[in-house]
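Since the structure comes first, as structure tokens, the remarks are kept for the end.
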Amino acid sequence: MAEKKIFIRESSGLVRQMSSRHAFAKVLAMIVPISVYYTMVYSPALPGANWTLGIILASIVALPIFLTYLKLAEHIPRSSGEYIYITRILNPALGGIQAVANIFSTPLLAAILSQIEISAGIAPAFQVISLALHNSLLLNLGTNMLVNPTTFEIASFISLILFWVISILPPRYMSNFLFIIASLQVIGGILIVALLLEGPKAFAPAFNSLYDEFSGPTYSSLYSQGLSYYSPIVNPLQTLIWMILMVMWLFVWFFAPSYFAGEYKVPGRSIKMGMLSGYIIASAIILGLVIGTEYSMGIPFFNYVSLNGWGSSIPLQASSGFIAWGGVLALSSPILAFLVAILNLGIQFVAGPLSLAIPSRVLLAMSFDRLIPEKFAYVNLKLKTPLISSIFVLALALIFEYVTINGIFIVSTIVLIGILFLYQFLLATVSAIVAGIKGIPGEELSKKDKIEFLIYGSLASIVLAISVFFSIWYASVNSLYASMVIGNLIIDYLVIGLIPVVGLVFYFESKEYRLRQGIDINLAFKLIPPE
């Protein structure tokens with residue numbers, strides 16, 4: 001077979017349209033206020049965790065993973081991220097596992113994010129604005145989204161479809177949209193941090209004022225009840241678990257730019273600048289939100305309310321995240337309340353579209369390698385997007401939307417992230433170690449590059465392995481943690497165990513099928529795919 005026929009065509013068909021600001025937006029995809037909140041809600045199960053120490057350590061511990069991805073994306077500027085790293089450096093069979101893990105996990109994550117967009121974005125935003133303006137129409141609309149299952153389901157499906165529409169836009173337009181939303185979230189996050197840093201003297205009266213109106217409990221009563229979920233004595237193990245959860249939920253979502261590396265104008269420089277700036281700004285906002293929450297309301301209050309809510313008399317729910325928490329502090333000023341709501345309204349309109357666009361790039365790369373039908377490599381000439389792959393991903397996401405909303409299939413979010421840690425991130429960081437030893441096909445690496453690959457990859461692999469082990473193991477010694485974080489262990493372990501089996505069977509069956517057609521797909525895995 002001639003070399004030019006190893007791949008379906010001599011070009012990926014993806015157009016280089018993106019710059020460093022677009023990489024910046026993709027790094028901020030999940031590092032938004034709601035992600036911080038959804039990690040902190042596990043705190044009642046970790047009453048002895050030191051929040052400040054845990055969040056500072058999390059930002060440091062995640063650095064080796066960040067630096068590993070930075071190096072890999074810089075030296076292999078091709079779309080599809082870890083799939084390319086693993087299949088070309090490590091082993092194509094392991095790339096099959098990564099592909100299955102990604103194609104299962106990211107559409108499922110998109111479905112979950114579309115639901116979070118309603119429950120912690122659009123609905124509470126309407127409620128905060130309505131409470132500040134005393135507008136019953138908006139209040140009823142937002143409340144109906146939260147309490148009416150049919151309305152919530154319809155709104156979630158609409159949100160998911162909007163995610164998909166954004167994901168299939170021409171790369172430049174999609175990325176410009178994501179950059180705008182990410183920038184608004186940065187401003188919105190800073191505004192919430194500023195409100196929180198006003199401290200307890202501002203939060204307690206604001207909370208009491210709201211609940212005087214709705215005949216709810218007082219700040220002091222909830223704080224007192226929360227003391228049973230708090231220990232002033234720091235527990236090192238619980239601080240470690242808290243730190244690991246922060247790493248898993250927040251600090252490893254900078255991998256997104258690597259899935260679009262072939263679509264950046266100057267891949268190495270654009271990705272590097274965007275990822276660095278995104279990581280620094282996101283880390284600063286995360287630190288501010290965590291420390292601000294601890295300072296303004298206190299851990300006992302937060303722990304009790306995150307577990308039990310702040311009463312049923314008020315329509316605005318504690319589980320709606322920082323739009324609700326920041327909104328409490330802003331209700332006395334309609335302008336501030338409006339800004340808190342609007343700036344954070346699109347909380348998942350960066351992560352959601354990316355969770356649909358990423359697997360479409362993996363499917364395109366798999367098609368190029370002839371693991372799946374060639375049609376999945378089709379790139380629409382007008383949209384410059386792998387459209388058939390994107391439609392397939394949407395179909396998966398719609399199925400996941402239905403089964404998760406209706407309780408037919410539920411996987412713990414931490415376990416879902418753990419799957420990505422094991423079969424995506426860890427395989428990528430091990431690929432970096434191998435690159436440091438054997439090099440990268442078709443790429444000249446300096447001695448310095450190889451040393452950096454070895455150091456970063458080794459440290460990152462250790463962090464990832466320890467994170468998965470401790471995050472799941474701790475459920476065996478802490479029942480509250482198990483119920484809040486892990487959920488149904490049988491389903492979780494079944495999914496974790498099936499993914500590598502399905503991935504390996506898929507790869508070897510595809511390889512055998514192509515051999516019967518006279519095609520040796522191993523030839524493709526010895527080369528970096530074309531641009």
I'd like to check [X] versus [Y] (side-chain heavy atoms, cut-off strictly below 4.5 Å). Are they in contact?
{"X": "Val61", "Y": "Ile244", "value": "no"}
{"X": "Phe525", "Y": "Asn522", "value": "yes"}
{"X": "Ile496", "Y": "Ile472", "value": "yes"}
{"X": "Ile342", "Y": "Ile129", "value": "yes"}
{"X": "Phe453", "Y": "Val434", "value": "no"}
{"X": "Thr404", "Y": "Leu108", "value": "yes"}
{"X": "Val495", "Y": "Val415", "value": "no"}
{"X": "Thr413", "Y": "Trp249", "value": "yes"}

Cut-off 3.5 Å, side chains only: do [X] and [Y] have a donor facing an acceptor?
{"X": "Ser389", "Y": "Lys375", "result": "no"}
{"X": "Tyr513", "Y": "Glu509", "result": "no"}
{"X": "Asn380", "Y": "Thr385", "result": "no"}
{"X": "Glu401", "Y": "Ser114", "result": "yes"}
{"X": "Gln98", "Y": "Tyr85", "result": "no"}
{"X": "Asn102", "Y": "Gln424", "result": "yes"}
{"X": "Asn91", "Y": "Tyr507", "result": "no"}

Pair Tyr481-Ser471, side chain to side chain contact (heavy atoms under 4.5 Å, CB included): steps then yes or no
CA-CA 10 Å; Tyr481 175 92; Ser471 63; 3.9 Å; yes
Does Ile76 form a side chain to side chain contact (heavy atoms under 4.5 Å, CB included) with Arg88? I'd like the steps, not just the answer.
CA-CA 10 Å; Ile76 310 179; Arg88 268 58 186 184; 5.7 Å; no
Using only atom types and a distance under 3.5 Å, with no angle test, would you say the side chain of [X] pairs donor to acceptor with the backbone of [Y]?
{"X": "Ser159", "Y": "Ala155", "result": "no"}
{"X": "Ser367", "Y": "Ala377", "result": "yes"}
{"X": "Ser283", "Y": "Ile280", "result": "no"}
{"X": "Thr68", "Y": "Tyr456", "result": "yes"}
{"X": "His75", "Y": "Leu72", "result": "no"}
{"X": "Glu117", "Y": "Gln348", "result": "yes"}
{"X": "Asn144", "Y": "Asn140", "result": "no"}
{"X": "Thr87", "Y": "Pro92", "result": "no"}
{"X": "Trp164", "Y": "Pro353", "result": "no"}
{"X": "Arg78", "Y": "Pro529", "result": "yes"}

Answer yes or no: are there more than 12 heavy-atom neighbours, outside [X] itself, under 6.0 Å from its atom [atom1]?
{"X": "Phe177", "atom1": "CZ", "value": "yes"}
{"X": "Phe409", "atom1": "CZ", "value": "yes"}
{"X": "Ile408", "atom1": "CD1", "value": "yes"}
{"X": "Phe506", "atom1": "CZ", "value": "yes"}
{"X": "Tyr173", "atom1": "OH", "value": "no"}

Measure the [atom1]-[atom2] distance between [X] and [Y] for me, rounded to the nearest 0.5 Å.
{"X": "Ile528", "Y": "Ile84", "atom1": "CD1", "atom2": "CD1", "result": "7.0 Å"}
{"X": "Ile521", "Y": "Asp369", "atom1": "CD1", "atom2": "CG", "result": "7.5 Å"}
{"X": "Leu113", "Y": "Ser355", "atom1": "CG", "atom2": "OG", "result": "5.0 Å"}
{"X": "Thr143", "Y": "Leu316", "atom1": "OG1", "atom2": "CG", "result": "8.5 Å"}
{"X": "Asn344", "Y": "Gln185", "atom1": "CG", "atom2": "CD", "result": "7.0 Å"}
{"X": "Ser59", "Y": "Leu287", "atom1": "OG", "atom2": "CG", "result": "5.5 Å"}

Tell me whether Arg361 forms a cation-pi arrangement with Tyr259, defined as NZ or CZ under 6.0 Å from the six-membered ring centre and within 45 degrees of its axis.
no
Within 45° of the axis and under 6.0 Å from the centre of the six-membered ring of Phe260, does NZ or CZ of Lys26 qualify?
yes
Check the pair Met40 / Met246 against side chain to side chain contact (heavy atoms under 4.5 Å, CB included), numbers first and verdict last.
CA-CA 8 Å; Met40 290 166 59; Met246 282 290 171; 3.5 Å; yes
For [X], which of [options] qualifies under side chain to side chain contact (heavy atoms under 4.5 Å, CB included)?
{"X": "Ser360", "options": "Ser390, Ser79, Pro107", "result": "Ser390"}
{"X": "Phe349", "options": "Leu184, Ile166, Ile180", "result": "Ile166"}
{"X": "Ile168", "options": "Val393, Leu394, Leu387", "result": "Leu387"}

Can you name the closest pair of heavy atoms from [X] and [Y] and give their distance?
{"X": "Ile491", "Y": "Ile410", "value": "CG2-O, 3.8 Å"}
{"X": "Ile192", "Y": "Leu289", "value": "CG2-CD2, 3.7 Å"}
{"X": "Ala73", "Y": "Ile271", "value": "CB-CG2, 4.0 Å"}
{"X": "Ala99", "Y": "Tyr83", "value": "CB-CD1, 4.2 Å"}
{"X": "Ile323", "Y": "Ala120", "value": "CD1-O, 3.6 Å"}
{"X": "Ser467", "Y": "Phe421", "value": "CB-CE2, 3.8 Å"}

Charged N to carboxylate O under 4.0 angstrom, Glu374 versus Arg514?
yes
Assess the residue pair Thr39 and Trp242 against the criterion (side chain to side chain contact (heavy atoms under 4.5 Å, CB included)); give the C-alpha distance rounded to whole Å, side-chain angles, the decisive distance to 0.1 Å, and a yes or no.
CA-CA 9 Å; Thr39 316; Trp242 200 87; over 6 Å; no
For Ser319, give me all partners under side-chain contact (heavy atoms from CB on, under 4.5 Å), at least two apart in sequence or on another chain.
Tyr37, Gln317
Taking it one step at a time, do Tyr69 and Glu82 satisfy side chain to side chain donor-acceptor pair (under 3.5 Å)?
CA-CA 9 Å; Tyr69 270 78; Glu82 296 102 339; 2.5 Å; yes
Does the ring-ring contact (aromatic ring centres under 6.0 Å, His included) test come out yes or no for Phe400 and Phe104, once each step is laid out?
CA-CA 10 Å; Phe400 286 137; Phe104 167 78; 5.7 Å; yes
